[in-house]
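Scope of the values below: all heavy atoms of this structure, side chains included, with no hydrogens, waters or symmetry mates. Just so we're clear, the structure is a prediction, and the values are computed from it rather than from any experiment.
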Amino acid sequence: RRMLFGNISRQLCGLKKVPWSCDSRPFWGWLNAVFNKVDHERIRDVGPDRAASEWLLRCGAMVRYRGQERWQKDYNHLPTGPLDKYKIQAIDATDSCIMNIGFDHMEGLQHVEKIRLCKCHYIEDACLERLSQLENLQKTVLEMEIISCGNVTDKGIIALHHLRNLKYLLLSDLPGIREKENLVQLFKTALPSLELKLDLK
């Protein structure tokens with residue numbers, strides 16, 4: 001059942017890239033909320049990394065595990081074997097439908113070093129604030145890229161200064177950002193060793 005669900009969800013996430021029509025918006029919003037729903041029992045049963053992998057791939061994102069070069073992008077080919085062997089080290093959420101209600105999946109992840117959010121229709125300030133509050137991520141995240149996420153504003157970006165070990169942050173094509181100079185100053189003060197790259201209009 002899970003296998004089939006993964007297949008269908010990948011196809012639907014792919015379909016979602018067609019231009020929005022007013023009629024379809026509520027349907028896709030509902031469906032994507034289903035994909036993002038947190039199943040705490042599942043997290044208990046299979047561990048945080050496996051449950052988060054299922055969530056991310058269901059929503060069209062990719063993960064890379066510690067010690068592996070290859071990106072995992074097919075829900076139906078998630079690795080089997082000892083569950084504690086596969087620890088998420090990098091997340092690429094390009095074109096995915098991850099949204100705020102799913103971010104509780106990240107709570108138990110202890111090895112995530114890189115996160116890329118690109119063209120994520122549902123990523124908003126609340127997502128970045130939630131991510132920045134997670135103690136594990138505050139310790140481990142070293143690199144972030146946020147590109148073409150139209151619902152992100154200064155408020156969400158400012159929250160990222162809580163990721164105290166962040167070494168590299170790329171911000172590109174974010175029309176919601178208004179106070180570029182303020183952000184530069186804030187990060188200089190809060191994270192002096194951060195390499196901040198801006199490609200903002």
Do [X] and [Y] sit in one hydrophobic cluster, given that two such residues count as connected whenever their side-chain heavy atoms are within less than 4.5 Å of each other, even indirectly?
X	Y	answer
L166	V184	yes
L186	L174	yes
M106	L78	yes
I157	L142	no
I98	I43	no

Please identify which of these residues, [options], meets the side-chain hydrogen bond (donor to acceptor under 3.5 Å, both in side chains) condition with [X].
X	options	result
S53	Y75, Y86, Y65	Y65
Q89	K114, E113, H111, R66	E113
D125	T153, N151, N100	T153

Which heavy atom in [X] sits nearest to a heavy atom in [Y], and how many Å separate them?
X	Y	value
R42	E54	NH2-OE2, 2.5 Å
P48	G108	CG-O, 3.6 Å
K180	L198	CG-CD1, 3.7 Å
V46	A51	CG2-N, 3.8 Å
C97	F35	SG-CD1, 4.0 Å
A52	I88	CB-CD1, 3.9 Å

Results of salt bridge (Lys or Arg N to Asp or Glu O under 4.0 Å) for [X] - residues two or more places apart only:
X	result
D154	none
E129	K155
K197	none

Between [Y] and [X], is there a side-chain heavy-atom distance shorter than 4.5 Å?
X	Y	answer
L160	I146	yes
S193	K167	yes
H162	Q133	no
L117	L128	yes
H40	V38	yes
S96	C120	yes
R116	I147	yes

Atom [atom1] of [X] and atom [atom2] of [Y]: how far apart are they, to the nearest 0.5 Å?
X	Y	atom1	atom2	value
Q110	T140	CD	OG1	8.5 Å
L109	L56	CG	CG	8.0 Å
M62	D74	CE	CG	12.5 Å
L131	M144	CG	CE	5.0 Å
E135	E107	CD	CD	9.0 Å
N36	C59	CG	SG	4.0 Å

Candidate pair R64 and D92, rule salt bridge (Lys or Arg N to Asp or Glu O under 4.0 Å), full reasoning:
CA-CA 8 Å; R64 192 163 48 70; D92 184 344; over 6 Å; no
I'd like to know if the side chain of E145 reaches the main chain of I115, judged simply by a donor and an acceptor atom lying under 3.5 Å from each other, with no hydrogens or angles considered.
no
Parallel, tilted or perpendicular: which fits the ring planes of W55 and F103, with parallel below 30° and perpendicular above 60°?
perpendicular
